[in-house]
Amino acid sequence: MTISKGLGAQSIYDIDWPSITKNDVNLMLSLWQKKCLSPDTISLYLSVLKSVIKEVFLLEQISTRRYESIKSVSKPGGSRIKDHHILALESFESLLTKVDSWTQPVMTSVRDQAIFHVLVGAGLRRFEVAGLQCEDIDHEHQRLQFIGKGNNERAVKLHEFTYQALMQWLVLHPTKTGALFIRLTKGGRAYYKMSDIAGLSGHAIYDVCRKYGLLDGNRPVPPHSLRRSYATWLYSNGSDLKHISKLLGHSSIKTTERYVQTSQEEIDDTVTVNLFKK
């Protein structure tokens, strides 16, 4: 879908593949980077696109010259972790205030605040947030119990602050069952698809961040940066890296280490506080 939209088509079946040029591919790379997609995600999309072009070439629908030119397009370098900003606690509080004062129905504001609470206060991936069901909230233990990446079940403890935000949204939820975060009309009413209430997509979670300006400027804060903020806050406050890794659903603690960011002040304190500690 992302590739087809970038090429101005409704689906991959509507794309005129023999007409694709190197310029088209470079324009798509630029578009994906503007959307703040990670280098790994962009590389994946580029690999898929090149694979299709290769098949088109083997079917003799494009020239060798055009195929080689598209093939020469390089994947982006760099790291998304370095490019994105970790949200400070004060900035998160300001974000919640911004959502609360936004000109929109109360139901929309409460839903959006709950989404940010789950992104920052539970560290879920955006597709995991979109996939949450009302039944995934374990009220007895104040946890989220859900199926995450890799089809693995995960339990994430909710801070009282996060849990209360979810409860405020659940009070307004029209059915209190099924998709936790649902589509709303401009009037703040549930959006129905056929006879069912439509849940939000992962892309819609991304759009919620865009709506409140988190993607603006040179240091954007997309959903995954909010997830990294969760990890960094826990680590900065002394949480065990192994526990953080479990909460994030990482299969390797090395991945968690890349998520956590430390300030120069914290690095300096390692020497001044601990070197000659008695």
Side-chain angles (χ1 to χ4, degrees), residues 1-87 119 124-131 149-150 200-229 231-232 248 250 252 254-255 257-261:
M1 181 64 76
T2 301
I3 294 175
S4 57
K5 281 188 174 181
L7 292 170
Q10 291 297 316
S11 74
I12 58 172
Y13 303 107
D14 297 323
I15 298 172
D16 183 13
W17 291 104
S19 69
I20 303 299
T21 66
K22 181 179 180 179
N23 287 340
D24 293 325
V25 177
N26 282 324
L27 283 172
M28 290 190 67
L29 283 178
S30 177
L31 177 65
W32 294 335
Q33 288 171 331
K34 285 180 180 178
K35 287 186 174 182
C36 300
L37 298 182
S38 73
D40 286 345
T41 300
I42 294 175
S43 294
L44 175 62
Y45 289 160
L46 182 60
S47 177
V48 171
L49 193 150
K50 285 184 176 180
S51 295
V52 176
I53 292 297
K54 181 179 180 180
E55 293 301 318
V56 174
F57 170 67
L58 293 175
L59 291 171
E60 299 182 349
Q61 294 186 29
I62 61 172
S63 67
T64 300
R65 183 177 179 181
R66 180 176 294 186
Y67 171 62
E68 290 297 336
S69 68
I70 294 174
K71 187 179 173 183
S72 70
V73 176
S74 301
K75 65 180 182 180
S79 166
R80 180 169 63 177
I81 292 177
K82 292 180 180 177
D83 292 337
H84 291 328
H85 182 50
I86 295 297
L87 204 66
L119 286 168
L124 271 63
R125 302 172 178 89
R126 60 173 168 151
F127 81 85
E128 292 173 338
V129 175
K149 185 177 180 180
L200 290 181
S201 64
H203 189 75
I205 300 297
Y206 191 90
D207 285 341
V208 171
C209 290
R210 186 193 305 280
K211 173 181 176 181
Y212 297 105
L214 291 180
L215 306 184
D216 297 343
N218 297 323
R219 302 187 74 187
V221 187
H224 219 70
S225 284
L226 297 178
R227 173 172 158 84
R228 284 194 297 274
S229 298
T232 299
L248 292 172
H250 286 158
S252 169
K254 291 183 178 179
T255 304
E257 289 173 347
R258 293 199 298 270
Y259 270 55
V260 172
Q261 293 192 16

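Quick caveat, the model's predicted, so the values are computed rather than measured.
The line from CG of Leu215 to CG of Asp207 is 8.5 Å long, rounded to the nearest 0.5 Å. Taken from CG in Leu46 to OG in Ser51, the straight-line distance is 9.5 Å, to the nearest 0.5 Å. With rounding to the nearest 0.5 Å, the separation of CD1 in Ile62 from CD in Glu55 is 11.0 Å. Taken to the nearest 0.5 Å, the CH2 atom of Trp17 stands 6.0 Å off from the CD1 atom of Ile53. Here the CD1 atom belonging to Ile20 is positioned 14.5 Å from the NZ atom belonging to Lys50, to the nearest 0.5 angstrom. With values rounded to the nearest 0.5 angstrom, Glu128 atom CD is found 11.5 Å from Ile205 atom CD1.
Minimum interatomic distance between Cys209 and Pro222 (heavy atoms only, all atoms of both residues): SG-C, 4.4 Å. Minimum interatomic distance between Val221 and Ser225 (heavy atoms only, all atoms of both residues): CG1-CB, 3.8 Å. When all heavy atoms of Asn26 and Val73 are compared, the pair lying nearest together is OD1-CG1, 3.6 Å. Looking at every heavy atom in both residues, Pro18 comes nearest to Arg66 through O-NH1, 2.6 Å. Between Ala130 and Leu200, the closest heavy-atom pair is CB-O, 3.4 Å.
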Given side chain to side chain contact (heavy atoms under 4.5 Å, CB included), test His224 with Arg126 step by step and report yes or no.
CA-CA 7 Å; His224 219 70; Arg126 60 173 168 151; over 6 Å; no
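You'll find the side chain of Val25 stays beyond 4.5 Å of the side chain of Lys22, heavy atoms only.
Relative orientation of the His250 and Tyr259 rings is perpendicular, given thresholds of 30° and 60° on the angle between their planes.
Taking a 6.0 Å sphere around NZ of Lys211, one finds it holds more than 12 heavy atoms contributed by other residues, nucleotides or ligands.
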